[in-house]
Student: 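Submitted below is the structure of interest, expressed as structure tokens.
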Number of protein chains: 2
Amino acid sequence: MKYSKATNYALHTMLFLAMETPNKPVGVHQLAERQNVSPTYLSKILTKLVKEGMINSISGANGGYTLSKNWEDISFLDIIHAIEGKSSLFDCCLYSNPECVIKDVMLSAEEKLENELRNKKISDLVKK
Amino acid sequence: MKYSKATNYALHTMLFLAMETPNKPVGVHQLAERQNVSPTYLSKILTKLVKEGMINSISGANGGYTLSKNWEDISFLDIIHAIEGKSSLFDCCLYSNPECVIKDVMLSAEEKLENELRNKKISDLVKK
DNA sequence: CTAATAAGAGACTTTATATATCTATAATAG
DNA sequence: CTATTATAGATATATAAAGTCTCTTATTAG
């Protein structure tokens with residue numbers, strides 16, 4: 001069990017935009033170069049963030065990506081969910097068992113993780 | 001990011017042994033049947049638990065698996081680590097960046113998850 | 001001692017997912 | 001119109017998970 005590289009790229013892109021964008025859009029080429037990843041692959045990841053309303057995309061010359069208006073409210077969990085999906089980390093009781101005490105424990109642990117990620121925002125890392 | 005089925009099998013096997021074994025060893029065939037998984041595959045998983053000292057294996061007729069002497073101290077985290085390994089969930093800064101604020105957040109979240117899993121033991125689910 | 005039982009080890013296969021790449025299309029500034 | 005930049009879809013490659021098969025080793029009932 002690992003977070004994907006895609007999640008890593010998404011988080012770093014959000015941080016980069018938050019730290020260095022005054023107002024001008026940043027092209028995927030520049031974002032990709034910073035992270036040592038191919039622009040076409042990164043653009044696929046960024047498209048997911050666009051669809052979730054976390055960033056805006058602007059086509060055409062001088063286009064690129066900017067943070068959405070509500071970017072200061074976006075949590076780590078939001079970004080992770082946008083990339084990894086929202087399904088539970090633990091799929092239990094593949095075999096038949098309606099109530100599963102193991103699942104209960106696993107889900108409670110997952111909640112602790114998510115609570116922490118929900119309380120941390122990219123904007124927290126910029127204010128300093 | 002998902003916990004593997006192997007982890008699920010391991011947790012359920014531990015619970016089954018804790019709940020239903022008085023003293024006699026249980027063969028992998030029976031354990032596998034309960035979970036609807038092939039015995040050969042399950043045995044690979046159980047070998048990992050043996051190597052970590054969580055269960056004992058007994059070869060030969062009337063052999064099988066029993067919980068280790070210290071089974072009541074074994075946490076969910078111990079079992080998960082035995083199967084999934086102990087490395088961090090988040091590999092950051094693939095590109096060069098010694099100190100990474102994103103990694104810090106991710107690791108703190110992972111700690112919350114691990115703390116919860118460390119405090120839950122299979123034996124907690126049996127005492128009732 | 002022998003036959004049956006059961007775990008362990010290693011090679012292999014299959015399936016699924018992550019990580020890309022390539023090409024074509026759409027939008028926009030100048 | 002042309003250069004630039006995002007989007008979409010198909011495809012390719014790499015890695016890991018999940019499962020199978022076969023052979024070996026250990027134990028014990030008889």
Side-chain angles (χ1 to χ4, degrees), chain A residues 1-10 12-13 17 21 23-33 35-68 80 82-85 87 89-91 94-95, chain B residues 1-13 17 21 24-33 35-68 80 82-85 87 89-91 94-95:
Chain A
M1 172 159 98
K2 281 268 178 192
Y3 284 104
S4 65
K5 287 186 186 182
T7 290
N8 195 0
Y9 296 142
H12 277 90
T13 299
L17 290 176
T21 305
N23 38 18
K24 281 189 184 173
V26 183
V28 72
H29 186 79
Q30 186 183 345
L31 294 167
E33 207 164 52
Q35 300 185 56
N36 216 24
V37 60
S38 85
T40 43
Y41 183 47
L42 185 60
S43 84
K44 290 206 175 291
I45 294 163
L46 298 189
T47 297
K48 291 185 181 179
L49 299 180
V50 170
K51 284 185 175 153
E52 295 295 324
M54 296 177 186
I55 57 178
N56 307 119
S57 69
I58 301 154
S59 279
N62 300 328
Y65 296 92
T66 58
L67 288 173
S68 73
I80 292 167
I83 306 302
E84 307 250 347
S87 77
L89 299 187
F90 190 72
D91 290 329
L94 317 153
Y95 59 102
Chain B
M1 169 158 101
K2 282 267 178 193
Y3 282 104
S4 65
K5 287 186 186 182
T7 290
N8 194 358
Y9 297 141
L11 289 169
H12 277 90
T13 298
L17 291 177
T21 305
K24 283 190 183 174
V26 183
V28 73
H29 186 79
Q30 186 183 345
L31 294 168
E33 207 164 52
Q35 300 185 58
N36 216 24
V37 59
S38 85
T40 42
Y41 184 47
L42 185 60
S43 87
K44 287 200 177 298
I45 295 163
L46 298 189
T47 298
K48 290 185 181 178
L49 299 181
V50 170
K51 284 183 176 157
E52 295 295 324
M54 296 176 186
I55 58 178
N56 307 118
S57 69
I58 301 155
S59 280
N62 299 327
Y65 296 93
T66 59
L67 288 173
S68 74
I80 292 167
I83 306 301
E84 308 250 345
S87 76
L89 299 186
F90 190 72
D91 290 329
L94 316 153
Y95 59 102

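Predicted, not measured: the structure shown is a model, and the values here were computed from it. In what follows, chains carry the letters A, B, and so on, assigned in the order in which the sequence lines appear, proteins first and then strands, with residues in each chain numbered from 1.
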Student: Have a look at A:T66 and tell me which of A:I58, A:L17, A:I55 forms a side-chain contact (heavy atoms from CB on, under 4.5 Å) with it.
Tutor: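 The single option meeting the side-chain contact (heavy atoms from CB on, under 4.5 Å) with A:T66 is A:I58.
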Student: Near DNA chain D, under 4.0 Å by heavy atom, which residues of residues 49-56 of chain A?
Tutor: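 Contacts with DNA chain D under 4.0 Å: A:K51.
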Student: If the cut-off is 4.0 Å, is B:Y41 near the phosphate of C:dT14, judged by side-chain N/O to OP1 or OP2?
Tutor: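 No, outside the criterion.
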Student: Can you tell me how far P of D:dG19 sits from CG of B:N8, to the nearest Å?
Tutor: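 One finds 11 Å between P of D:dG19 and CG of B:N8, rounded.
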Student: Looking only at side-chain atoms of A:T40, point me to the closest of C:dA27, C:dA18, C:dT21.
Tutor: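 Selected nucleotide (nearest to the side chain): C:dT21.
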Student: Can you check the B:K24 NZ to D:dA29 C1' distance for me, whole Å?
Tutor: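 The answer, rounded to whole Å, is 14 Å.
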Student: Do any N or O atoms from the side chain of B:E84 and from the backbone of B:S4 form a donor-acceptor pair under 3.5 angstrom?
Tutor: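 Yes; at least one donor-acceptor contact below 3.5 Å.
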Student: Rounded to whole angstrom units, what separation is found between the NZ atom of B:K5 and the C1' atom of C:dT17?
Tutor: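 Spelled out: NZ on B:K5 to C1' on C:dT17 is 14 Å.
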Student: Search all heavy atoms of B:Y9 against all heavy atoms of B:L42 and return the closest pair with its distance.
Tutor: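 Looking at all heavy atoms of both residues, the closest pair is CB-CD1, 3.9 Å.
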Student: Just N and O in the side chain of B:S57: are any of them under 4.0 Å from OP1 or OP2 of C:dG8?
Tutor: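 The answer is yes; a side-chain N or O of B:S57 sits under 4.0 Å from OP1 or OP2.
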Student: Would you say B:N62 places a side-chain N or O within less than 4.0 Å of OP1 or OP2 belonging to D:dA29?
Tutor: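 Yes.
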Student: From CD1 of B:I45 over to P of D:dG19, roughly how many Å is that when rounded to an integer?
Tutor: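 Taking atom P of D:dG19 as the reference, CD1 of B:I45 is at 8 Å.
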Student: Which is true for A:V28 with a 4.0 Å heavy-atom rule: it touches a base, it touches only sugar-phosphate, or it touches nothing?
Tutor: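 The answer is sugar-phosphate, as A:V28 gets under 4.0 Å only of primed atoms, P, OP1 or OP2.
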Student: Does the side chain of A:Y3 get closer than 4.0 angstrom to OP1 or OP2 of C:dT17 through an N or O atom?
Tutor: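 For C:dT17, OP1/OP2 do not have a side-chain N/O of A:Y3 under 4.0 Å.
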Student: How far apart are the closest heavy atoms of B:Y41 and B:A6, and which atoms are they?
Tutor: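 It is OH-CB, 4.1 Å.
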Student: Whole angstrom is fine here: how far is it from CG in B:D91 over to C1' in C:dT19?
Tutor: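 Spelled out: CG on B:D91 to C1' on C:dT19 is 15 Å.
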Student: So which atom in B:N56 and which in B:S68 form the shortest heavy-atom distance, rounded to 0.1 Å?
Tutor: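 The pair with the smallest heavy-atom distance is OD1-CA, 3.4 Å.
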Student: Is there side-chain contact between A:I83 and A:L49, with at least one heavy-atom pair below 4.5 Å?
Tutor: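 Side-chain contact under 4.5 Å: yes.
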Student: Hey, which of these two, A:M1 or A:S43, hits DNA chain D nearer its 5' end, going by closest nucleotide?
Tutor: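 Its nearest nucleotide lies further toward 5', so the answer is A:S43.
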Student: Would you say B:Y65 reaches C:dG8's phosphate, i.e. side-chain N/O to OP1/OP2 under 4.0 Å?
Tutor: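 It does, given that an N or O in the side chain of B:Y65 lies less than 4.0 Å from OP1 or OP2 of C:dG8.
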Student: Quickly work out the B:I58 CD1 to D:dA29 P distance and round it to whole Å.
Tutor: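 Roughly 12 Å, once rounded to whole Å.
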Student: Quick one: are A:L46 and A:L31 in side-chain contact, heavy atoms under 4.5 Å?
Tutor: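 Counting from C-beta outward, A:L46 and A:L31 do come under 4.5 Å.
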Student: Does A:G60 reach a base, just sugar-phosphate, or nothing at all? Heavy atoms under 4.0 Å.
Tutor: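 The answer is base, as A:G60 lies within the cut-off (heavy atoms under 4.0 Å) of a base atom.
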Student: Verify the contact: side-chain N or O of A:S38 to OP1 or OP2 of C:dA20, cut-off strictly under 4.0 Å; return yes or no.
Tutor: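 Checking C:dA20 against A:S38, no side-chain N or O comes under 4.0 Å of OP1 or OP2.
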Student: What's the CD1-C1' distance between A:I83 and C:dT17, to the nearest Å?
Tutor: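 Rounding to the nearest Å, CD1 of A:I83 and C1' of C:dT17 are 15 Å apart.
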Student: Closest to the A:K44 side chain: C:dG10, D:dA18, C:dA20?
Tutor: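 Given the options C:dG10, D:dA18, C:dA20, the side chain of A:K44 is closest to C:dA20.
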Student: Check every atom of C:dA9, C:dT19, D:dA18 against the side chain of B:T47 and return the nucleotide holding the closest atom.
Tutor: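 The listed nucleotide nearest to B:T47's side chain is C:dA9.
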Student: How long is the line joining NZ of B:K2 and C1' of D:dA18, in whole Å?
Tutor: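 After rounding, the reported distance stands at 16 Å.
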Student: Set out, in order, the CA-CA distance, both residues' side-chain angles and the distance that settles side-chain contact (heavy atoms from CB on, under 4.5 Å) for A:F90 and B:L11, then state yes or no.
Tutor: CA-CA 12 Å; A:F90 190 72; B:L11 289 169; 4.1 Å; yes
